[in-house]
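Report on one structure; see the data block that follows.
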Protein chains: 2
Amino acid sequence: MKNTSASTARVRTRDPERTKGQILEAALSEFAANGYDGARVHQIAKNAGCNARLIYHYFDNKERLYAAALRKIYSDIREREAKLNLDSLPPEQAVMRLTETTFDFFENNTAFLSITRSENLLGGRFISQMPEIQKMSAPLLDKITDVLKRGRAEGVFRSGIDALQLYISIVALSAHHINASHTLSATFGRDISSVTWRQERRAHVVEMIQNAVTLGESRD
Amino acid sequence: MKNTSASTARVRTRDPERTKGQILEAALSEFAANGYDGARVHQIAKNAGCNARLIYHYFDNKERLYAAALRKIYSDIREREAKLNLDSLPPEQAVMRLTETTFDFFENNTAFLSITRSENLLGGRFISQMPEIQKMSAPLLDKITDVLKRGRAEGVFRSGIDALQLYISIVALSAHHINASHTLSATFGRDISSVTWRQERRAHVVEMIQNAVTLGESRD
DNA sequence: AAAATAATTCAATTTTGATTTACTTGAGGG
DNA sequence: CCCTCAAGTAAATCAAAATTGAATTATTTT
């Protein structure tokens, strides 16, 4: 039901910040669920509980609304990664933690993958105009580079591992079964989204990353 | 009135098969480039060098045309995999070959990833109605299972590796940087599509899969 | 408390894109 | 040769969706 379901339901107290926030939230899930072209401005308005005209009032047009949503998901994920404090962990644990956190993040924040998928379909039209995103992401790569260096110095990691390659692999292994859950399920006749399958996947991914990074286990 | 006989009257010799094929080709690249919602029927017609009306003549509507394109890319990839003959190779080589072939396939057949991406965005609406695709894919999984079993028997592979997990990992590692090339490039400020980066990626992926499958190298 | 400003609504308008109608033309069988 | 049918074309239709105009209220300012 609506907020004030009685006949006097109309008294929408004015609150631009809240409205703006609600629009962005609604936009996020609409774009995530349907992609840019599939998203409907009116549906976003409906889910935000406001009039479609307001979207234009606050965000000018569909494109800028989408850009705002895109910016938001990136600031969300980088913020979360910043909290990881990889520096303070021993290298092996740091890598494990990054892997597990990334895996869990994608599982719990489906909007991120959905929207980046949409953005890639658009050929990166919007993200390529947002230099701030690259600025947000540089620190992460530095941290990973550092962890790898430490691990190598301690003699527990293989040499010659590139930080970007590793991070992309972590993301790839954690994301692909979500990105492609429908085609994979249909192709192999198994329910890729089931909880137990996902748990198995998690273990498999963590193990793979560990094997990729550490020296062979029977090594001293 | 509508007789265009002026200037260069187009003498399009009639050939239904060719026309149909051209439409499907054009549809494939239009859907790949823009996704289902982003694709334009008129653009497909234009690229096929025919009138838009013919698309309806041969394929009824946009949805069925898309379904035809989807079916085609899957039959293409399975056909290629069938040629691999994994059975006749020693286990380690079989896995390597599958990995390399998959990696190269995605790089050279961008339509596959683009269209499955689109299909996943649609929530698998079309692929879930195509049982034939699952039937095409079962043999591959059996073959991988067999390779893993042989490797374990020969004492070169780890135990407890699931064929589906492994295949999904191979695909994930080979596909993600292509699927997400635009967002990754923008995020990390590196050209993910450059030839040299892709070569490095290939080596990294092959090594990762090898480490995942074989026992630690310093093991006897 | 009136004026100014910003938020919000309702109802167009405009655009776009899939689909259809109505027609023309080529090719093959009788 | 002509008749028929499928192949092909041009242009209209129709519906969905984005966007906007103009009026209406709430909030803030003076």
Side-chain angles (χ1 to χ4, degrees), chain A residues 2-4 7-27 29-31 33-69 118 121-122 125-126, chain B residues 1-27 30-31 33-69 118 121-122 125-126:
Chain A
K2 278 253 185 136
N3 36 3
T4 10
S7 50
T8 54
R10 164 140 30 280
V11 205
R12 184 183 168 82
T13 56
R14 292 186 173 195
D15 185 343
E17 283 315 306
R18 186 195 48 168
T19 304
K20 222 169 150 175
Q22 284 172 335
I23 290 174
L24 191 55
E25 272 312 305
S29 43
E30 175 76 3
F31 285 126
N34 303 99
Y36 180 76
D37 286 312
R40 297 291 163 250
V41 172
H42 273 85
Q43 189 60 43
I44 292 172
K46 197 171 165 188
N47 291 344
C50 77
N51 191 282
R53 188 66 181 79
L54 288 184
I55 290 175
Y56 293 89
H57 186 42
Y58 290 116
F59 294 92
D60 293 355
N61 53 37
K62 189 181 179 181
E63 297 204 341
R64 293 206 187 172
L65 177 58
Y66 174 84
S118 164
L121 183 57
L122 293 176
R125 201 165 95 210
F126 296 91
Chain B
M1 310 288 196
K2 44 197 61 175
N3 195 338
T4 50
S5 52
S7 62
T8 42
R10 319 197 37 138
V11 197
R12 186 182 169 81
T13 56
R14 297 187 172 194
D15 185 342
E17 283 315 306
R18 186 195 47 168
T19 304
K20 220 169 151 174
Q22 284 173 333
I23 290 173
L24 190 55
E25 272 312 304
E30 175 75 3
F31 284 126
N34 305 99
Y36 179 77
D37 285 314
R40 298 291 163 251
V41 172
H42 273 86
Q43 190 58 43
I44 293 172
K46 196 171 166 188
N47 291 344
C50 76
N51 190 281
R53 187 64 183 82
L54 287 184
I55 289 175
Y56 294 89
H57 188 42
Y58 290 116
F59 292 92
D60 293 355
N61 54 36
K62 188 181 180 182
E63 297 204 341
R64 294 207 187 170
L65 177 58
Y66 175 84
S118 163
L121 183 57
L122 293 175
R125 201 165 96 210
F126 295 90

Original post:
For A:Phe59 and D:dT20, what is the distance between atoms CZ and P respectively, to the nearest whole Å?
Top reply: 16 Å
Original post:
Just how far, in rounded Å, is C1' of D:dG8 from NZ of B:Lys46?
Top reply: 19 Å
Got a list of protein N/O to nucleotides 28-30 of chain D N/O distances below 3.5 Å?
none

Could you pull out the protein-nucleic contacts involving nucleotides 16-20 of chain C (nitrogen or oxygen on both sides, under 3.5 Å)?
| unit_1 | atom_1 | unit_2 | atom_2 | d |
| --- | --- | --- | --- | --- |
| C:dG17 | OP1 | B:Arg40 | NE | 3.0 |
| C:dG17 | OP1 | B:Arg40 | NH2 | 3.4 |
| C:dG17 | O5' | B:Arg40 | NE | 3.1 |
| C:dA18 | OP1 | B:Ala39 | O | 3.0 |
| C:dA18 | OP1 | B:Arg40 | NH1 | 3.4 |
| C:dA18 | OP1 | B:Lys62 | NZ | 3.2 |
| C:dA18 | OP2 | B:Val41 | N | 3.1 |
| C:dT19 | OP2 | B:Tyr56 | OH | 2.9 |
| C:dT19 | OP2 | B:Lys62 | N | 3.1 |

**OP:** Supply the atom-to-atom distance B:Leu24 CG to B:Thr19 OG1, rounded to the nearest 0.5 angstrom.
**Re:** 12.5 Å
**OP:** Only pairs at least two apart or in different chains count here, so list each side-chain hydrogen bond (donor to acceptor under 3.5 Å, both in side chains) that has a residue in residues 43-56 of chain A.
**Re:** A:Gln43-A:Asn47
Original post:
Between D:dA16 atom P and A:Asn34 atom CG, what is the distance in whole Å?
Top reply: 16 Å
Original post:
In whole angstroms, how far is the C1' atom of C:dG26 from the CG atom of B:Asp15?
Top reply: 13 Å
**OP:** Could you tell me which non-hydrogen atom of B:Ile23 sits nearest to which non-hydrogen atom of B:Ile44, and how far apart they are?
**Re:** O-CG2, 4.0 Å
Contacts under 3.5 Å, N or O only, protein and nucleotides 2-6 of chain D:
| unit_1 | atom_1 | unit_2 | atom_2 | d |
| --- | --- | --- | --- | --- |
| D:dA6 | N3 | B:Arg14 | NH1 | 3.1 |

Original post:
To the nearest 0.5 Å, how far apart are CG in B:Asn34 and CG in A:Leu121?
Top reply: 7.5 Å
Subject >> Distance, nearest 0.5 Å, that separates CG of B:Asp15 from CZ of B:Arg18 >> reply: 5.0 Å
Subject >> Nearest-Å distance for atom pair CZ/P, residues A:Arg18 and D:dA26 >> reply: 14 Å
Original post:
Can you name the side-chain hydrogen bond (donor to acceptor under 3.5 Å, both in side chains) partners of B:Glu63, sequence neighbours left out?
Top reply: B:Arg125
Original post:
So do B:Tyr58 and B:Leu65 actually touch side chain to side chain, heavy atoms under 4.5 Å?
Top reply: no
Original post:
Once you round to the nearest 0.5 Å, how far does NZ of A:Lys20 lie from NE2 of A:His57?
Top reply: 9.5 Å
**OP:** Check whether any side-chain N or O of B:Thr19 sits under 4.0 Å from OP1 or OP2 of D:dG8, and answer yes or no.
**Re:** yes
Subject >> Donor-acceptor under 3.5 Å (A:Lys62 side chain, A:Tyr36 main chain) >> reply: yes
**OP:** Report the distance from atom CD1 of A:Ile55 to atom C1' of D:dT20, rounded to the nearest whole Å.
**Re:** 14 Å
Original post:
Short question: side chain of B:Glu30, backbone of B:Arg40 - any donor-acceptor pair under 3.5 Å?
Top reply: yes
**OP:** Nearest whole angstrom, please: distance from the P of D:dG8 to the NZ of B:Lys20.
**Re:** 12 Å
Original post:
Partners of B:Asp37 by salt bridge (charged side-chain N to carboxylate O under 4.0 Å, His left out), sequence neighbours excluded?
Top reply: none
